[in-house]
Structure formats: C-alpha cells, structure tokens
Amino acid sequence: MRLGIIGLPSCGKTTIFNALTGGSLPTGVRGDRLQVHTAVSDVPDRRVDDLSALFKPRKTIYAKVNYADIGGLKAESAREGLPGQQLNQLSQMDGFVHVVRAFESEMVPHPSGRVDAARDLAAMEAELLLNDMLTVERRSEKLREERQKGGGRDKAVIEREIALFERLAEALGTERPLREAAFSPEDARAMSGFGFLTLKPMLVVVNLSEGQAAPPLAAPGAGVQVLALQGEIEMEIAQLPPDEARTFLAEYGIAEAGRDRVLRASYDLLGLQSFFTVGEDEVRAWTVARGASALEAAGAIHTDLERGFIRAEVIGWKDLLDLGGLAQARAAGKLRVEGRDYVVHDGEVVHIRFNA
Ligand SMILES: Nc1nc2c(ncn2[C@@H]2O[C@H](COP(=O)(O)OP(=O)(O)O)[C@@H](O)[C@H]2O)c(=O)[nH]1
Ligand SMILES: [Mg+2]
C-alpha cells in the first residue's frame, strides 16, 4: 500500500511524515520544486507480537505501508493543471493522506495569510478535481479521434468508453469527486489505467497545535475520513524509544499514537486486512483486500503458492494462541481445511499447502 502525503505548503506534511515513519527529514523546507521522500513503515500489530511470543521465530515481520511525502503542491495550477511529473507521482498512489493546517504559528506564515482548514481542504480537493477533468478531456479527445479514424479497436468498445468518459466529465463538472460515483466493474476496469486523483481514498489529517480543538469541517463524503492530531508532538513521540513514547503519550493525554490511528484509518479506507503466517522461521503479517480468497492470499505470499495451490489450513489468531500451537490446533480439530475460494478474514492464520 502506498499513501501520498499531500497538502498546501507549510501545512505540516513533512512533520506528519516523520511522525508516521519515525523519520527525521528536515521540516520547514520551502520551495516550489516537486520533492518526494518515501519511507516504509511497519504496521504495529499486537496480534503479531502475541504470535511471535508463542512461536519465537527467527524473524517477525509486520505488514508494511509506504508513505511518500510529496512536496511542491500549491493548489493554484489553474487552467493548465499540474506538471506531468507531479501528476504522475500522485496518480501512482493508492490513496492520500491530506494534511490540512489548523495550527496557528507566528513563526510559520500561512501562504494565504490566514489559517482556515475548511478553505484549504476545499482548495486541494478542487485541484485534484481539475486535474481529473483534464485527464478526462485528454482521453475523450483521443477517443473521438480513434472513432473517426477507425480500423483499430471494436467500434462498440470505443463508443462505450466515450459514453463512460462523458459521464465522468459530467460528474466532475458538478464538482463531485469520482469516489462518490458508483461504477460497474467493467467501467472500473476501463478507468483503472488513468490514476484518477479524486477516485483515490483520502484520509484528511487535521494538524493541530498543542491542546487545540479540531476545527469544524463539513461531513466527509464517501471514501474520505477525517482525523485530527498534534503533528509536532506526534513527530517528537515517533522519535522516542517505545517505553519513553508511552510515558510521553500519557503525559499529553493521547490515547493512541497518531501513527497507529492513521494506519488503522488507512487500512479501513483502502479496504485492506491482514492475515498471518506462522512458524519457527518466521511470523509474518500480510496485507490483502477485504474479501480476498485463499488463492489470492496465497498469491500475496508468492506466485508459486498461488500456482500450486492445493488447500489452505485456517485458524483465527486468538484460537491458535489459546490452543498453544499448530499441532495442538490440528489435534483439536480446530485447523480448518479450506479451498481456493474460501474468503479470508482479518486476523486469520493461514497455512497454504501447495505443489512446488
Ligand atoms: N506550531 C506548530 N508548528 C508546526 C506544526 N506542524 C508543523 N509545524 C511547523 O510548520 C513548518 C512547516 O512544517 P512542514 O512539516 O515542513 O510542512 P510541509 O511544508 O507541509 O512539509 C515547520 O516549521 C514546522 O515546524 C504544528 O503542529 N504546530
Ligand atoms: Mg515538506
């Protein structure tokens, strides 16, 4: 999973990036240049910790999420849209963490002169929308040319795509992000190569100063969630060793570290879940879409497992812990044998039997 951290200049993107990844990139860096920093972050998971305590494996591997701190967006590209390179970066993301400034600071001037979270949120959304509109226009033009020239793809296919892009233009024309529209699986497939920005799930992170109450924002639409955190404090916490971090969190009355909240919300928003594999060698969390089949879970581990799939042995992580091991689970008849179409649930331990 790859999440792009976006927002207006000086809203706290790099601060939040550091908070999420434990990094120490310099903050307060200004400039118009497109700058992208990426980091991989472990998804903290108590279930993995518990399984690891039981199996004492050589390696414990958490699920991972990639964060990209995308600097240089200004939400004022007006008619011509974003530069190609920037658009390209954004369209490759699975979703966005949209940082919106709420903190007041005389030391950090707001680019518009006044802090207004609702205005900034709308401005960035409008920027994403404009770029989708331009993508739709460019594609529609190509399709019309294709229709005129003929000789290539099937006429009906072209017509269907033209109709789809007309509908997209209409939705965007009413300033509705594409994530609020419903698409048939076929339409979704036709759209999938275009990296539409307003189709991507978005987690709005309101960046508060210490002790500040979250400002009121309009209720988020489909595919959007809003959470608020104190960016600067969270960044400091992320750089502490775990036990000190816990003390610090308690001191500031923060129930759960921002990093964990953002991760949980991201999983939720992207419709993802984790399953586990266990053994003496390795206890590991894997990420798949909710509703993924046993075969897809096998494929997430390795294509060989998908190709040679025979069956999956499945048990809930808590049952496995309570029973004390795979052998005990098998003896108790609690290790279920499932076929390739079995729908894997969050928190299940899955062992794939396969032909090598
Ligand atoms: N007071 C305060 N300052 C912040 C907060 N978050 C970021 N800043 C400051 O705002 C400036 C811009 O932050 P930065 O993370 O670099 O923003 P970016 O341009 O969006 O990457 C830096 O000087 C930060 O120290 C915050 O929560 N409170
Ligand atoms: Mg920055």
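FYI, the numbering just counts along the sequence from 1. As the structure lists them, so they are numbered: ligands from 1, and atoms in each ligand from 1.
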*For atom 16 (O) of ligand 1, what is the nearest protein heavy atom, given as residue, atom name and distance?*
Gly28 N, 2.6 Å
*Against heavy atoms of Leu208, which atoms of ligand 1 measure under 4.0 Å?*
27 (O)
*Does any N or O atom in Thr14 lie less than 3.5 angstrom from one in ligand 1, N or O only?*
yes
*Strictly under 4.0 Å, does any heavy atom of Cys11 approach an atom of ligand 1?*
yes
*Just go through Val99, Asp69, Asn207 and tell me whose heavy atom is the nearest to atom 6 (N) of ligand 1.*
Asn207
*Where does the angle between the aromatic ring planes of Phe196 and Phe165 fall among parallel (under 30°), tilted (30 to 60°) and perpendicular (over 60°)?*
tilted
*asked:* Between Glu161 and Ile158 (side chain of the first, backbone of the second, donor and acceptor by atom type, cut-off under 3.5 Å), is there such a pair?
replied: no
*Is Asp346 reaching over with its side chain to a backbone N or O of Ser274, donor-acceptor style, under 3.5 angstrom?*
yes
_I'd like to check which ligand 1 atoms, numbered from 1 as shown, lie under 4.0 Å from a non-hydrogen atom of Val108._
9 (C), 10 (O), 11 (C), 23 (O)
*Check the side chains of Glu236 and Tyr252 for a donor-acceptor pair under 3.5 angstrom, ignoring hydrogens and angles.*
no
*Looking at ligand 1, does Ser10 have a heavy atom less than 4.0 Å from it?*
yes
*So, does Asp120 use its side chain to make a donor-acceptor pair with the main chain of Val100 at under 3.5 Å?*
no
*Got the closest protein heavy atom to atom 1 (N) of ligand 1, with its distance?*
Glu232 OE1, 3.5 Å
*Ignoring hydrogens and angles, state whether a donor on the side chain of Asn18 or Tyr67 is under 3.5 Å from an acceptor on the partner side chain.*
no
*Would you check whether Phe103 has a nitrogen or oxygen atom less than 3.5 angstrom from a nitrogen or oxygen atom of ligand 1?*
no
*Ser184 side chain to Asp187 main-chain N or O, any donor-acceptor pair under 3.5 Å?*
yes
*Could you tell me whether the side chain of Thr198 and the main chain of Leu128 form a donor-acceptor pair under 3.5 Å?*
no
*For the Mg ion (ligand 2), decide whether Gln35 has an N, O or S atom at a distance under 2.8 Å.*
no
_Any side-chain to backbone donor/acceptor pair from Gln239 onto Gly23? Under 3.5 Å, distance only._
yes
*Judging by distance only, is a nitrogen or oxygen of Thr15 under 3.5 angstrom from one on ligand 1?*
yes
*asked:* Tell me whether Glu104 has any N or O atom under 3.5 angstrom from an N or O of ligand 1.
replied: no
*At what distance is the nearest protein heavy atom to atom 18 (P) of ligand 1, and which residue and atom is it?*
Lys13 N, 3.5 Å
*Would you say Gly12 has any N or O atom under 3.5 Å from an N or O of ligand 1, going by distance alone?*
yes
